[in-house]
There are 2 protein chains.
Amino acid sequence: MTDLRARNRQATRAAITAAALRLAVEQGPSGLALVRVNDIASAAGVSPRTYNNYFSSREEAICGGQADRSRGAGDALRARPAGEPLDVAVTEAMVGLFTDPEPDRAGLRMIMLTPELEGEALRAFTVGESSLAEAIAERTGETGLRPEVTAAAVVAAIRVAGRHWLTPAANHPFADVIRRALSSVFSPDQTSR
Amino acid sequence: MTDLRARNRQATRAAITAAALRLAVEQGPSGLALVRVNDIASAAGVSPRTYNNYFSSREEAICGGQADRSRGAGDALRARPAGEPLDVAVTEAMVGLFTDPEPDRAGLRMIMLTPELEGEALRAFTVGESSLAEAIAERTGETGLRPEVTAAAVVAAIRVAGRHWLTPAANHPFADVIRRALSSVFSPDQTSR
DNA sequence: GCAAATAGTGCGTGGCACGCAAATATGTGA
DNA sequence: TCACATATTTGCGTGCCACGCACTATTTGC
C-alpha cells in the first residue's frame, strides 16, 4: 500500500483546492479579491501557514484541481490499446480524462473565464503537455519537435473545447465538443482552404 | 495612434517592460524575487505608483513585451495576400511577427524558462489567440470551433518552437524552427501513425 | 486661452508569501 | 512495543506589494 504520508498529503492538497475553488465560485469572478487566504485555510481545516506550504498563491490553489487532472494526460494515453491509431487513442484518452468525472460547470467557468486567473488556468492545462508529449513520442517513435507540437496542439484544443462547452448557447455534451475540437487538430481539412 | 497621449502611454509602457525584463535578466531566473518594484520603476524613470497603473504584477511587467508582440497576430495574418492558402499565409505571418526583429535570446529564455513566470508567459503568448482566430475565420469563412482551435494550435506550436530555439543543442534560425513546428500543425502526417 | 479629460504621483492600508524554529505526527528497526 | 529518525504542521515575525484615494500636471478640443 502506498505511503500513508503520501495519501494524507494528497488529501490535504485536495481539501485545500476544493475549499479554494468553492469559495471562489461563491464570490463569483468579480469578487475574487474577497477570497482571503484565511478563509481558504480554515475552510480546508488547516492553518494558513500550511496552506502556503502547498500553494504559493491563491490562484494556484484555485486552479490546483484542474492542474491535477491535466497531469494525468500521459498516463491516460498510455492506457489506450497499443494498436490504436494515434488520433483515436489520443481522442479517447482525453475524452476519458476530462469527462470522467464530468467537470463542475461553475468551477470550470470560474477557472477559465476569470481574467485574474487566466495565467494560472493556462498553466493548469499545460502542465499535462510534457507527459503527453512523451507518451505520444513512445507511441509513434517520433523524436524532436513533432510530438511536442502535437501534444501542445491537443492541450490547446481541449482548452478551446472547454470554453465552448461553457458558453450557454449550445450545450452539447463535453465529450462531443472535445471530439470535434480534436478532429480539427488531427485533420486540418486542407480542401476548404 | 496620432494622439500624443497614446504615444506617450505606449512609450511609458515600453520603458517599463524593457526595464523589468532587463533587470530580471540581470538577476537570472533564480534571483527573480530580488527584482523589486522600486528598481523597475526607477529604472524606467517613473514612480512606483505609475508602474502599478500599467501592470498589476512584476510578472506581467516582465512578460509585457512578449504580450505586445503576440497581440499583433491577427493583423499579421490580415496583411498576407488574399489568395494565399491558409497554411502558408499563417506560417509566413507568424515567421514575420516573431522573427522581425529577432527576439533577444536572454530575454526569451528568462520569460519561457523561469518557473515563476510560466503562467504569465503562457498568457503573453495566448493573448494573440483571439485576434488570430478572427483573422482565420475571415479568411476561410469557417465559423465555430475550428478557427479557434486552429489559432490555439498555431500559438501553441510557436511556443514549442521558441522553447526549442532556446535549447543550446541545435541552433537553427528561429524562422526555420517556427516553419517546422507549424508544418506539424498543418499536416499531421497521418501515414506514420 | 479655457475648461474638461487624462495621466502621473505620494501616501496610507490591508493582505500575502515565506523564513525560521518549535511542536506534532508518521514511519522504521530492534 | 518502544524509541529514534524523518516528515509535516503550526505560530510568529518580516518585508514587500497591489491598490484606493486625493491631488497635481499635462494634453486636447472648443
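The chains referred to below are lettered A, B, ... by the order of the sequence lines, with proteins before strands, and numbering in each begins at 1.
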Closest nucleotide among C:dG19, C:dG15, C:dA7 to the A:Arg36 side chain | C:dG15

What is the distance from CG of B:Asn38 to P of C:dC11, rounded to the nearest Å?
-> 13 Å

Starting at atom OH of A:Tyr51, determine the distance to atom C1' of D:dT8, rounded to an integer number of angstrom.
-> 18 Å

Could you tell me whether A:Asn53 contacts a base, only the sugar-phosphate backbone, or nothing, with contacts defined as non-hydrogen atoms closer than 4.0 Å?
-> base

Spacing between A:Leu34 atom CG and D:dA18 atom P, to the nearest angstrom | 19 Å

May I have the distance from B:Glu59 (atom CD) to C:dA17 (atom P), rounded to whole angstrom?
-> 12 Å

Is any NZ, NE, NH1 or NH2 atom of the basic residue among B:Arg80 and B:Glu92 found under 4.0 Å from an Asp or Glu carboxylate oxygen of the other?
-> no

Identify the nucleotide, in any strand shown, that forms a Watson-Crick or G-U wobble pair with D:dC30, with both distances under 3.5 Å; if there is none, say none.
-> C:dG1

Taking the side chain of B:Asn8 as its heavy atoms from C-beta onward, which of C:dC16, D:dT27, C:dT9 lies nearest to it?
-> D:dT27

Can you figure out which of D:dG11, C:dA7, C:dT9 approaches the side chain of B:Arg9 most closely?
-> C:dA7

N/O (side chain, A:Tyr54) to phosphate O (OP1/OP2, D:dT8) under 4.0 Å | no

May I have the distance from B:Asn52 (atom CG) to C:dA7 (atom P), rounded to whole angstrom?
-> 16 Å

Salt bridge between A:Arg109 and A:Asp104, side-chain N to carboxylate O under 4.0 Å?
-> no

Answer with base, sugar-phosphate or nothing: what part of the nucleic acid does A:Phe55 contact at a heavy-atom distance below 4.0 Å?
-> nothing

Roughly, in whole Å, what's the span from CD1 in B:Ile62 to C1' in D:dC17?
-> 14 Å

Could you give the CG-to-C1' distance, from B:Asp39 to D:dC17, as a whole number of Å?
-> 13 Å

Go through C:dG8, D:dA18, D:dT10 for me and flag the one nearest to the A:Arg49 side chain.
-> D:dT10

Check whether any side-chain N or O of B:Ser57 sits under 4.0 Å from OP1 or OP2 of D:dA18, and answer yes or no.
-> no

Presence of salt bridge, A:Arg36 and A:Asp39, under 4.0 angstrom | no

May I ask you to check if B:Arg69 and B:Phe125 form a cation-pi contact, with NZ or CZ under 6.0 angstrom from the six-membered ring centre and within 45° of the axis?
-> no

Measure from the side-chain heavy atoms of A:Arg58 and tell me the nearest of C:dC16, D:dT10, C:dG10.
-> C:dC16

Between A:Thr50 and B:Val35, the residue closer to the 5' end of DNA chain D by nearest nucleotide is A:Thr50

Indicate, with a heavy-atom threshold strictly under 4.0 Å, whether A:Ser56 touches base, sugar-phosphate, or nothing.
-> sugar-phosphate

Does the distance from a Lys or Arg side-chain N to an Asp or Glu carboxylate O, for B:Glu120 and A:Arg123, drop under 4.0 Å?
-> no

Atom-pair distance (CZ on A:Arg13; C1' on D:dT8), nearest Å | 16 Å

